Amino acid sequence: MVSLARKLIASRNPSPISLESQEALQPFIPFSRLQETKLLESHLVSLLDNCSSLIQIKQVHAHVIRKGLDQCCYVLAKLLRMLTKINVPMNPYPRLVFHQVEYGNPFLWTALIRGYSIQGPLEEAVHLYNAMRREDISPVSFTLTALFKGCSDELELNLGRQIHCHGIKLGGFCKDMFVHNTLIDMYVKCGCLDCGRKVFDEMYERDVISWTSLIVAYSKAGDMAAAVELFERLPVKDLVAWTAMVSGCARNGKPREALEFFHRMQSAGVETDELTLVAVISACAQLGAAKYANWARDVAEGYGFGPANHVMVGSALIDMYSKCGNVEEAYKVFEKMREKNVFSYSSMIVGFAMHGCANAALDLFEEMVKTEVKPNKVTFIGVLMACTHAGLVERGRDLFDRMEKHYVVEPSIEHYACMIDLLGRAGQLEEALELIKAMPMEPNSGAWGALLGACRIHGNPEIAEVAGHRLFELEPDSIGNYVLLGNTYASAGRWEDVLEVRKLIKQKLLRKDPSRSWIEGKEGVIHEFYAGDMTHPNSKEVKEALEDLVGRLKSCGYEPNLSSVPYDLSEEHKRRILLTHSEKLALAYGLLITDTGSAIRIMKNLRICEDCHSFMCGASQITGREIIVRDNKRFHHFRNGVCSCGNFW
DNA sequence: TTAGGGTTAG
């Protein structure tokens with residue numbers, strides 16, 4: 001038997017049967033039987049609700065047929081929704097269920113439309129929607145939300161807009177909040193924030209979901225001012241809205257503001273959940289200070305969200321401890337976690353890589369691939385970074401080759417940048433240049449920047465010129481590239497070219513980010529030092545401590561590395577400049593204020609120079625102290641005269 | 001029966 005529904009879909013011409021005639025065809029059911037049927041329907045729906053596999057659903061379906069309810073849209077729509085939920089393809093089984101019904105109601109149609117919207121193809125969902133309208137079956141709000149969701153997943157802005165224009169009036173949804181909230185989300189996800197805002201502004205009535213959708217959209221677009229403005233106007237702020245602000249600030253590099261929102265949230269008596277804590281921990285990770293790290297962990301545990309049972313909090317803690325310089329604590333958290341996902345493994349691998357523990361990172365990767373957890377693109381960035389920091393070129397090459405073949409992770413532009421970094425830092429500059437040329441995508445500033453950085457390390461002004469000029473086109477206002485090229489010329493003694501680069505910087509009115517280092521003092525107070533800066537209240541003691549240290553180092557054979565000063569100056573002048581590098585000042589201060597047994601933790605905004613690097617090595621030996629320096633890329637652990645980076649940085 | 005907040009890299 002060819003069902004009516006199938007004929008309707010196939011036909012371009014509307015069927016002559018109207019809704020009234022469908023009603024007329026319903027058999028008469030006595031009242032008590034009706035009650036009995038309703039009870040049975042509810043029972044079947046709750047049975048379906050508890051299904052988690054196709055076999056179970058088919059068993060219930062067989063039961064539905066036995067009970068003579070094979071035409072009951074209420075039950076069958078639920079059945080279709082459950083099939084969608086467990087991701088059963090709409091063709092053939094769910095589709096067959098739909099076609100076997102003679103007179104589908106809007107909920108049954110919508111369940112199928114929703115299935116296609118989620119699974120694709122979206123065209124099929126739209127085709128069904130049109131067929132439904134041709135049959136004069138009015139869409140319900142759920143029909144439109146399903147279609148908008150499909151459009152936002154597929155980024156089909158125009159289609160979404162068409163459905164918006166026709167559908168809203170057609171179904172009388174002008175005041176429907178569900179429909180409008182989904183619509184805001186659709187416009188925002190399709191990249192049209194202004195359209196989302198327009199929908200919001202014109203809404204008949206708004207709830208906290210409408211506001212939060214837009215707040216999140218602004219924060220994801222990097223416009224925190226607009227997000228804050230909306231948030232402050234939001235009349236009743238709930239847990240999700242507050243969390244959106246905490247995570248929005250953290251995402252946009254405003255960790256202090258994130259913590260302020262969290263404190264306000266607590267004062268307002270709003271509950272806290274795992275997602276809020278993840279945002280708080282991520283803010284503390286950016287602050288990089290032990291004081292905040294320990295505070296964040298105490299807060300999480302105080303709310304009952306310890307890492308053992310909460311995989312998201314655990315993963316965020318791993319990342320935080322790594323970024324705060326404490327990779328041992330990060331690993332302790334990792335070990336405590338009962339459930340580990342790709343975030344936990346990747347954060348730990350990246351953490352090891354940042355700290356120069358290449359073998360630990362690679363061993364953990366091997367352990368990970370033996371589990372059910374599949375590595376993703378970030379995992380591979382972590383292992384490639386580990387190889388880079390340890391100079392493991394062949395291992396990196398092998399992983400890069402295998403990532404697509406064995407692990408089905410397509411190498412992205414970032415992975416190519418990692419490989420260029422790996423080859424470049426290991427001194428294989430020609431190979432790195434060849435790889436840039438062979439990339440299947442247009443090389444971006446990350447790729448060229450990695451090459452330029454490597455040229456600076458290995459003193460290759462010829463390749464640096466190629467990379468530098470490409471970077472000047474891609475990022476004309478980024479001062480770092482000019483400085484790197486200038487320094488490469490300087491290390492080769494090409495002072496005229498250095499002047500040319502400086503002229504360019506002047507013409508463009510670019511300002512160099514001053515080199516600065518900071519150290520966490522007692523009770524979490526941050527002390528900051530700039531290169532050549534003697535304004536710290538204890539600068540006299542700092543200077544004395546530094547001179548004392550230099551004297552002791554010199555007697556052990558330390559000689560300043562004058563090529564670390566990219567200026568054409570006298571040797572004596574270069575020596576003096578080197579002695580006031582901010583990390584050396586921070587180290588001297590650290591020796592004064594920290595306990596003898598503890599590690600000295602220094603943070604720095606730029607890459608550590610060769611001279612400071614060997615200075616730290618020597619200082620760690622003669623003072624017997626562990627010195628941990630976080631530069632703009634990674635961590636250096638100096639112990640007994642050796643750095644964890646093995647001089648690859 | 002549909003809608004809002006999330007962690008890893010750069």
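Here is how names work: the chains are called A, B, and so on, in the same order as the sequence lines, proteins then strands, and each is numbered from 1. Every heavy atom of this structure was used, including side-chain atoms; hydrogens, water molecules and symmetry mates were not. All of these numbers come straight from a predicted model, not from anything done at the bench.
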* Ignoring hydrogens and angles, does a donor from either the side chain of A:Asp207 or the base of B:dG4 sit under 3.5 Å from an acceptor on the other? -> no
* Is the shortest distance from a Lys or Arg side-chain nitrogen in A:Glu329 or A:Arg297 to a carboxylate oxygen in the other one below 4.0 Å? -> yes
* Asked: Are the ring of A:Phe343 and the six-membered base ring of B:dT7 within the stacking cut-offs of under 5.5 Å and under 30°?
  -> yes
* To do: Compute both the distance and the angle, then confirm whether A:Lys237 meets the cation-pi test with A:Phe231: under 6.0 Å from the six-membered ring centre, within 45 degrees of the axis.
  => yes
* From the options B:dG4, B:dT1, B:dG10, select the nucleotide whose nearest atom is closest to the side chain of A:Asp238. => B:dG4
* Asked: Does any N or O donor sit under 3.5 Å from an N or O acceptor when you compare the side chain of A:Thr243 with the base of B:dG5?
  -> yes
* **From B:dT1, B:dG10, B:dA3, nucleotide with atom closest to A:Lys78 side chain** => B:dT1
* To do: Select base, sugar-phosphate, or nothing to describe what A:Phe107 touches, counting heavy atoms under 4.0 Å on all strands.
  => base
* Interatomic distance, A:Phe142 CZ vs B:dT1 C1' [rounded to whole Å] -> 5 Å
* To do: Give the intermediate values and the outcome of side chain to side chain contact (heavy atoms under 4.5 Å, CB included) for residues A:Thr276 and A:Tyr303.
  => CA-CA 11 Å; A:Thr276 323; A:Tyr303 279 102; over 6 Å; no
* **Side-chain H-bond candidate by donor/acceptor type, A:Asp421 with A:Thr388, under 3.5 Å** => no
* To do: Could you check which residues of residues 310-320 of chain A get a heavy atom under 4.0 Å from DNA chain B? Sort them by number, please.
  => A:Met312, A:Ser315, A:Asp319
* Structure fact -> Winner on side-chain proximity to A:Lys220, out of B:dG10, B:dT2, B:dG5, is B:dG5
* Can you list the steps and then say if A:Thr143 with A:Trp109 is a side chain to side chain contact (heavy atoms under 4.5 Å, CB included)? -> CA-CA 8 Å; A:Thr143 325; A:Trp109 281 81; over 6 Å; no
* Asked: Which one, B:dA9, B:dG5, B:dT2, comes nearest to the side chain of A:Phe178?
  -> B:dT2
* To do: Side chain of A:Asn376 only, please: which of B:dG5, B:dG4, B:dT8 is the nearest?
  => B:dT8
* Asked: When all nucleic acid strands are considered with a 4.0 Å heavy-atom cut-off, which category describes A:Thr145: base, sugar-phosphate, or nothing?
  -> base
* **Listed nucleotide nearest any side-chain atom of A:Ile381, set B:dA3, B:dG5, B:dA9** => B:dA9
* Touch check for A:Met385, heavy atoms < 4.0 angstrom, all strands: base, sugar-phosphate only, or nothing? -> sugar-phosphate
* Asked: Can a cation-pi geometry be assigned to A:Arg114 and A:Phe142, taking NZ or CZ under 6.0 Å from the six-membered ring centre and within 45° of the ring axis?
  -> no
* Among B:dG4, B:dA3, B:dT7, find the nucleotide with the atom closest to the side chain of A:Thr182. => B:dA3
* To do: Apply side chain to side chain contact (heavy atoms under 4.5 Å, CB included) to the pair A:Ser344 and A:Val311, showing each step before the final yes or no.
  => CA-CA 7 Å; A:Ser344 338; A:Val311 66; 3.6 Å; yes
* To the side chain of A:Ala241, which of B:dA9, B:dG4, B:dG5 is closest? -> B:dG4
* Asked: At under 4.0 Å between heavy atoms, what does A:Ser213 touch on the DNA or RNA strands: base, sugar-phosphate, or nothing?
  -> sugar-phosphate
* **Residues A:Lys149 and A:Asp153 bridged, charged N to O under 4.0 Å** => yes
* **Side-chain N or O of A:Lys323 closer than 4.0 Å to phosphate OP1/OP2 of B:dT7** => no
* Asked: When we call it a touch if two heavy atoms are under 4.0 Å apart, what does A:Lys633 touch: a base, just sugar-phosphate, or nothing?
  -> nothing
* **Residue A:Thr276, side-chain heavy atoms: nucleotide from B:dA9, B:dG5, B:dT1 that is nearest** => B:dG5
* Selected nucleotide, minimal atom distance to A:Arg114 side chain, candidates B:dG5, B:dT1, B:dT2 -> B:dT2
